[in-house]
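Okay, so here's the structure we're looking at.
We name chains A, B, ... by the order of the sequence lines, and we start the count at 1 in each one.
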Number of protein chains: 2
Amino acid sequence: MIYYQVSIFSFVLLLVTDITSLIYAADQKSVDIHLEPPYQADRSSIRPSISHAQKKPKPKFAQKMHLISSCNGSYVKTNGTTCGLKEIMIGRCYEYQYMKYQLFLTNQSNVKNCTQLYQAFESAVRYKPYCNMNMSTYEKYFQLALSGVHVINRAMFWSGTYGVTHAYSADGANYITLEDTLAAAMANGLVWCGNENHTDGFDFFSCPNNCKDNRWADLAFWGLASKTFAQLAAGEIYVVLNGSHANDRPAFRNNSYFSDFELPNFRRTGEYRVTKINILLLHSPDKNVTEKCGEKSLVQLENLILAQGFQYACKDDPEELILIMCGNQWKARECQIARHVLRQAWDKKLYGTSLSKRNSHSFLLVCLTALAEIFFLVKF
Amino acid sequence: MIYYQVSIFSFVLLLVTDITSLIYAADQKSVDIHLEPPYQADRSSIRPSISHAQKKPKPKFAQKMHLISSCNGSYVKTNGTTCGLKEIMIGRCYEYQYMKYQLFLTNQSNVKNCTQLYQAFESAVRYKPYCNMNMSTYEKYFQLALSGVHVINRAMFWSGTYGVTHAYSADGANYITLEDTLAAAMANGLVWCGNENHTDGFDFFSCPNNCKDNRWADLAFWGLASKTFAQLAAGEIYVVLNGSHANDRPAFRNNSYFSDFELPNFRRTGEYRVTKINILLLHSPDKNVTEKCGEKSLVQLENLILAQGFQYACKDDPEELILIMCGNQWKARECQIARHVLRQAWDKKLYGTSLSKRNSHSFLLVCLTALAEIFFLVKF
């Protein structure tokens, strides 16, 4: 009887109110302080795309293209080699080894010589015509940088989820991504290309976007980086995929770095073999769900993984990652109610009541909406 | 009448259930994937403390102390100068100018010479006895690094809120903190001290923690950095303070960097004067509220600000920052319900119903608890 009354009461309230009022209510500011919207941290990729027309690796802060070409302070907008390439790479190498990841990835007899490492990189590219590269161009560099490293139960791969994955992996504190390894960290976001005719041996004015008939020119570095990282991964590994791509683009697709360089290179035998592959499938706020675990390309991926003898698990939107997504997209529809609920929780913390005046009306609506749904599900 | 019934019904439910069941319910994982807890990004400070016994600046990744002393690959745990200090600072300078902040802080005729900048730093400290420093030791360095820079309406200061503030400022994309300026970014997290007797001119084995009778030895760099940054701030500025310090330590206190170096140095006149100071007062999840806006040290701060002719505003826990705090502390009591609500929102997105079976019971409890509170507030 009482159930029935609650149900009717809720339904009537639903009819006479508009859920959008809730969203506007959440936008109100109680104090006259204007804050910037959160920064959209999710960038699609720093690696060149493979399946679409071959592109150069994008700088990590691509929207702020460096405008200096000749690196002497005169400004001409270019897409050439990053000014200070050498200094940046060597500095990152020291910082990585002596500050950040000392205890993560290297053991005590495994300190790399940063100058030697940069020279291995430079000798692969400087004074070399860009389009002559191949898969083994950077082999010595990766061997030097990653020898003796194993990433056990903490390797995290990503495809179409760069920003969220890196926010969650937290610079290697939670998980270790490709970009948290020394070899990739030194080059992440940089642009470079050799030029046999330039006095510097690098082209600071323009790096070609693709080399006709040689896909390896663009893949050489990040392809080998991905392959090498996959070979270092051991135990359980994690793969963060995007299940809300536009235009029905699948979460797992052939010609992706993951399918071409990572999946085929996981170790299947030995002490450092991969045992289980955990897929974390994300669906972005304000985007449609294209695929869920157990659907479409995820079925294809599961079959590939099982055929290679690994265990497989897939989870849609782990809560830890939902909060990160909402943290980057405050205004998204799916995040509004949580934002509201957090305001409630902090009001209770601050004022000793869970329902401040300005919020109680809309929170009530959320609850009654939910209640109405439950009871209608039960009744009909 | 129906109000009354809902009220009684809710109250009975409250009596027979335990809110902790909700928290445990939220912890359940539907799929067998174990994920790491989010990384605790909030570190208390990278600057040396002033009011407590003088301490050295801590490396940003202090928990992973660098173990290499002589920087040749042999391992002796030290608290001396960071290995690769020079390379790290020069590399960061290039990265800052040519990759990250090109369009933020410098105008097109304002590219700094990174080697010259490092030399200004080095000449202040190399071969110099550490305890002889004073407030003007690094003056030339800061002049070189920050000349021509103004931070208008986007300067963000922090005290006791390093991690949250930096997550929110987003590397300068939302707001600009001291650590987002070139001068501070080059040195952030590094340890250094000169040694007149060492061949390198730096002491790589041990940097003193304090110098008797000379508080400037420890304050020289970060004190001047804070002062200089305050002088660059214009328009509306933001200050993120911690209202949930342990042991009744106030949010605003004398002898803090903010009170000693920042507040006295905001410009009061001219084109680049500060007009308004916005205080964002945070209360961490799972911590008690020590002070709110309009209480205790915030009153003292308001008076100081108004006396200097600036406008003042204070806001407790802006929602943008609550989500960041909860993103770092998933398991905190105040964050559980939001986590739950987000799960609901994503279940609806994925499965077309806002209430998956496993969550409906506990969500119902939240709502009924809230309803009961409302009606009890109304009735009594």
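At a threshold of 4.5 Å between non-hydrogen side-chain atoms, the residues A:W346 and B:M325 count as touching. Contact of the A:L190 side chain with the B:M99 side chain is registered, since non-hydrogen atoms from C-beta on lie closer than 4.5 Å. Taking the side chain as every heavy atom from C-beta outward, A:H283 and B:L350 approach each other to under 4.5 Å. Looking at heavy atoms from C-beta onward, B:L342 lies out of side-chain contact with A:E319 at the 4.5 angstrom threshold. A 4.5 Å side-chain heavy-atom check between B:L323 and A:R339 finds every atom pair outside the cut-off. Residues A:Q344 and B:I337 are not in side-chain contact: their nearest non-hydrogen atoms beyond the backbone lie 4.5 Å or more apart. Looking at heavy atoms from C-beta onward, A:D316 lies in side-chain contact with B:Y351 at the 4.5 angstrom threshold.
Going from atom SG of A:C326 over to atom CD1 of B:I324 covers 12.5 Å, rounded to the nearest 0.5 Å. Of the inter-residue distances, the one linking A:I88 atom CD1 with B:Y98 atom OH reads 9.5 Å to the nearest 0.5 angstrom.
Among B:A338, B:C93, B:G243, B:A167, the residue with the largest count of heavy-atom pairs under 4.5 Å with chain A is B:A338.
For a residue to count as touching a neighbouring chain, one of its non-hydrogen atoms must lie under 4.5 Å from one of that chain's; by this rule B:I279 touches chain A with the backbone only.
Not a single donor-acceptor pair under 3.5 Å links the side chain of B:R343 to the backbone N or O of A:I322. B:K349 places no side-chain N or O within donor-acceptor distance of the main-chain N or O of A:N288, the cut-off being under 3.5 Å.
B:K287 NZ: 12 or fewer foreign heavy atoms inside a 6.0 Å radius.
Among the candidates B:E87, B:E95, B:R92, the single residue satisfying the side chain to side chain contact (heavy atoms under 4.5 Å, CB included) test with A:R92 is B:E95.
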